[in-house]
Asker: 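Before anything else, here's the structure in question.
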Amino acid sequence: MITRRKTRQIRMGNVTVGGDAPITVQSMTKTDTRDVQATLLEIWALEAAGCDIVRCAVPVREAAEKLGEIKRQIRIPLVADIHFNYKLALIALEQGVDGLRLNPGNIGGTAFVREVVTLAKDKRIPIRIGVNAGSLEKDLLEKYGGPTADGMVESALRHIRILEDCGYPEMKVSLKASDPLMMIEAYRMLADRVEYPFHLGVTEAGTPGVGTIKSSVGLGALLSQGIGDTIRVSLSADPTEEVRVGIDILKSLGLRKGGLTFVSCPSCGRADVDLVKLAKQVEDEFRGLHEDIHIAVMGCVPEGERVVTAEGPKPIEAVGEGDEVLTHEGSYRKVAWATSHRYEGEIVEVHPTGFAPFRLTPNHPVWAFPRASQKKAGRARYPKVLSALEAGNEPRWTRAGELAPGWVLAYPVTKDKEDRATISVEGLGEIAVDEDLLTLAGYYLSEGTLSGKNGTPYQQFFYFHERQTAYVDRLRAILAGLEIGSRVRYRRHAAEVVTHSLALGRFLADLFGRRAERKRLPGWMECLPHDKQRALIRALWEGDGYVGRVRGYWRATYSTSSERLGLQVHHILLRLGVAALLHHRDQRDRQRNWLVSVTSQLALSRLASILGLGAADIGVAGGRGIGLIFKNGDVIRKVPEKDIVQAMREEVDKFLAERKAAGPGAEAAD
């Protein structure tokens, strides 16, 4: 159990730093801040990766003047990085930033510091004192014979006193060095002398490989002793990689929980299972799972790992059939076979009875079986499906190019994926395609209507039950993030969220349709990655979905009057591995309703995980063509290699259902 160091709390926008607040993960944009669009795209990606606070470089006036425009379009606190020019700090504060990073000793003198502090105090904006071993004051370098931990601490105390003399204690402190040992020593020395929160980081850490190691050593050593309130992993890489590593460091020390914790061993010569492929399949299967779950894939070579062959070292993925590979016995043996999944070739169109046509590559697998036809009156006649099954036909994975008239399809599950980081919306600018947008889409498709004279959709309504206050609050927060105001009206047990935005109305109408029976998803949303589609399904179910007992049996149903939307929801569930039934219900004097129903126990468990109803710790140890599935360290199942991923999914679903059945408090007791 780690006991946190006692520190003051400061507030940065909607994030608290210090005290008993959760340790936050920061990053810094690598774009020219004057390029607002490029900077926004990078920040939106950071938000999606889980970044808590973002910092932008402000080297010139034009960059400082763009901060307000950036701030209005992001959801996390924005910090301005200032060096030498106090006027840039004043402009940044007027632009509405949530924090400043500067050194009070290098911006021109006490009078300029007081001017910055006066404005920061008026706006209640905290300041980070950033000491860097590579830029210590000359007198300290002479005093200590170069950069040292003692010199860094003395420099920090100088800057701290300047702010204290100005009567402004709203600060945090960083003591960064490229040498992890120097950085660790400096933070430890200062921790006993001040009560301000610390921002941890190993500066100039390097590329992802070396930088991750140095950051993990430096940050991990301090965090394990309770020192540190916010962190940044500095890497020469995409900033989202900094966030990923930072979150993993916190999770490895038990300082952050929630979401997927995925580990896999690097493999070795003891395993003849393709652990690399297996680990990737398992990670893709559970990516985006929001419950607190730890999944392990163990075996006994990651992609890119070099293997010694008779021709010299090769990456493991470049080794093919016939290559001679050095074994642990010291001899070379030929590779008997190598496999990979490929979906390529000319597109074929399949027309299944009762469903919309779809397109696949010829080598794409579909779950189907053939039926022998007989000629009758010059036409091909096929036996009924049940008769064909009783005659010995069994469904099997078949290439789409081999299908012919008469085949029976269980249903296609297309593998196409199309991710989008943002979409451009007239009047609203670039909007991130993230959980917020997909939630807005789901709420509109299920609960939204548009109104306005002459067909102009300038007014929008979203309807919820009066007890669904969490959904109402979530929607209003999303709208506020788009700078769209809203109000709530309560009538007849309903909560009605009302907005007036022509830009929003046109966006919703163009992308998703207007009348209930004509609503649909744009084609690219059907091909989004699984984590984003899970967010969409959750929002749809929160709107027009039902989970409960019908005649004593558990059932989950999504209802819509749009046949096209029903088909699309059905298709997405199948892509997510949830077996579902699509049918319609007719009632007198009412519009036909299309229902997507989930009834099997396995499918219900899988849907429950998508809807956020719990999780459990599951792992697999792979080797010698088999997988040992375990729970909490105990082996519970042995399966062939080809069934490992499916078996893991089944066990995760089962444990999710068990936790739910155990009732409230079960998760806390795990």
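Heavy atoms only: backbone and side chains are in, while hydrogens, waters and symmetry mates are out.
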Asker: Is the closest side-chain donor-acceptor distance between Asn593 and Ser559 under 3.5 Å?
Answerer: yes
Asker: Under a 4.5 Å cut-off applied to non-hydrogen side-chain atoms, are Phe512 and Met525 in contact?
Answerer: yes
Asker: Hey, does the side chain of Asp510 reach the backbone of Gly513 with a donor-acceptor pair shorter than 3.5 angstrom?
Answerer: no
Asker: Counting only heavy atoms from other residues, nucleotides and ligands, does the tally under 6.0 Å from CZ of Arg518 exceed 12?
Answerer: no
Asker: Given side-chain contact (heavy atoms from CB on, under 4.5 Å), test Ile537 with Val578 step by step and report yes or no.
Answerer: CA-CA 11 Å; Ile537 289 296; Val578 179; over 6 Å; no
Asker: For Ala556 and Leu607, work out which heavy atoms get closest and say how close.
Answerer: CB-CD2, 3.5 Å
Asker: Answer yes if the side chains of Ser561 and Glu517 hold a donor-acceptor pair under 3.5 Å, and no otherwise.
Answerer: no
Asker: State, with a plain yes or no, whether a side-chain heavy atom of Gln459 is found less than 4.5 Å away from one of Leu450.
Answerer: no
Asker: What's the shortest heavy-atom distance between Ala432 and Thr422, and which atoms?
Answerer: CA-CG2, 4.0 Å
Asker: Between Asp436 and Arg75, is there a side-chain N and carboxylate O pair less than 4.0 Å apart?
Answerer: yes
Asker: Is the backbone of Asp643 close enough, under 3.5 Å, to the side chain of Gln646 for a donor and an acceptor to pair up by distance?
Answerer: no
Asker: Is the distance between the ring centroids of Tyr443 and Phe464 under 6.0 Å?
Answerer: yes
Asker: Looking at Val596 and Gly566, what are the two nearest heavy atoms and their distance?
Answerer: CG2-O, 3.5 Å
Asker: With no hydrogens and no angle check, just 3.5 Å: does a side-chain donor-acceptor pair link Thr449 and Tyr444?
Answerer: no
Asker: Measure the shortest side-chain to side-chain distance between Leu482 and Leu440 over non-hydrogen atoms and say whether it is less than 4.5 angstrom.
Answerer: yes
Asker: Any heavy-atom pair between the side chains of Pro405 and Tyr382 that's under 4.5 Å?
Answerer: yes
Asker: Side chains of Thr398 and Phe369: closer than 4.5 Å at any heavy-atom pair?
Answerer: no
Asker: Using a strict 4.0 Å threshold on nitrogen-to-oxygen distance, state whether Arg538 and Glu435 make a salt bridge.
Answerer: yes
Asker: Looking only at the side chains, is there a donor atom on one of Gln568 and Arg520 sitting less than 3.5 Å from an acceptor on the other?
Answerer: no
Asker: Between the main-chain N or O of Phe461 and the side-chain N or O of Glu496, is there a donor-acceptor pair closer than 3.5 Å?
Answerer: no
Asker: Got a second to check how far Thr560's OG1 is from Trp594's CH2, nearest 0.5 Å?
Answerer: 10.5 Å
Asker: At their closest point, which heavy atom of Ser446 faces which heavy atom of Gly543, and how far apart are they?
Answerer: CB-CA, 3.7 Å
Asker: Is a side-chain N or O of Lys519 found less than 3.5 angstrom from the main chain of Gly448, in a donor-acceptor match?
Answerer: yes
Asker: Taking all non-hydrogen atoms of both residues, which atom of Leu536 and which atom of Gly442 are closest, and how far apart?
Answerer: CD1-N, 4.0 Å
Asker: Would you give the length of the straight line joining atom CG of Leu521 to atom CZ of Arg564, rounded to the nearest 0.5 angstrom?
Answerer: 8.5 Å
Asker: Between Leu403 and Ala368, what is the shortest heavy-atom contact and its length?
Answerer: CD2-CB, 4.2 Å
Asker: Report the C-alpha separation of Leu540 and Tyr558 in whole Å, then their side-chain angles, then the decisive distance to 0.1 Å, and conclude whether the side-chain contact (heavy atoms from CB on, under 4.5 Å) test is met.
Answerer: CA-CA 8 Å; Leu540 288 168; Tyr558 179 75; 3.4 Å; yes
Asker: Report yes or no: does Arg575 contribute a side-chain atom to a donor-acceptor pair with the main-chain N or O of Glu526 at less than 3.5 Å?
Answerer: yes
Asker: How long is the gap from NE2 on His530 to CD on Gln533, to the nearest 0.5 Å?
Answerer: 6.0 Å
Asker: Could you give the distance from NE2 (His570) to CD1 (Ile572), rounded to the nearest 0.5 Å?
Answerer: 11.5 Å
Asker: Would you check, one step at a time, whether the test side-chain contact (heavy atoms from CB on, under 4.5 Å) holds for Ile423 with Val425?
Answerer: CA-CA 6 Å; Ile423 56 173; Val425 180; 4.2 Å; yes
Asker: Does CZ belonging to Arg506 count more than 12 external heavy atoms closer than 6.0 Å?
Answerer: no
Asker: OG1 of Thr439 to CD1 of Ile478: how many Å apart, nearest 0.5 Å?
Answerer: 4.5 Å
Asker: Side chains of Glu324 and Thr309: do they bring a donor and an acceptor to under 3.5 Å?
Answerer: no
Asker: Nearest 0.5 angstrom please: Phe507 CZ to Ser424 OG, how far?
Answerer: 10.5 Å
Asker: Between Lys532 and Asp419, does a side-chain contact (heavy atoms from CB on, under 4.5 Å) hold up when you go through it step by step?
Answerer: CA-CA 9 Å; Lys532 292 186 176 181; Asp419 196 6; 2.7 Å; yes
Asker: Using a 6.0 Å cut-off, check whether atom CZ of Arg399 has over 12 heavy atoms from anything other than its own residue.
Answerer: no
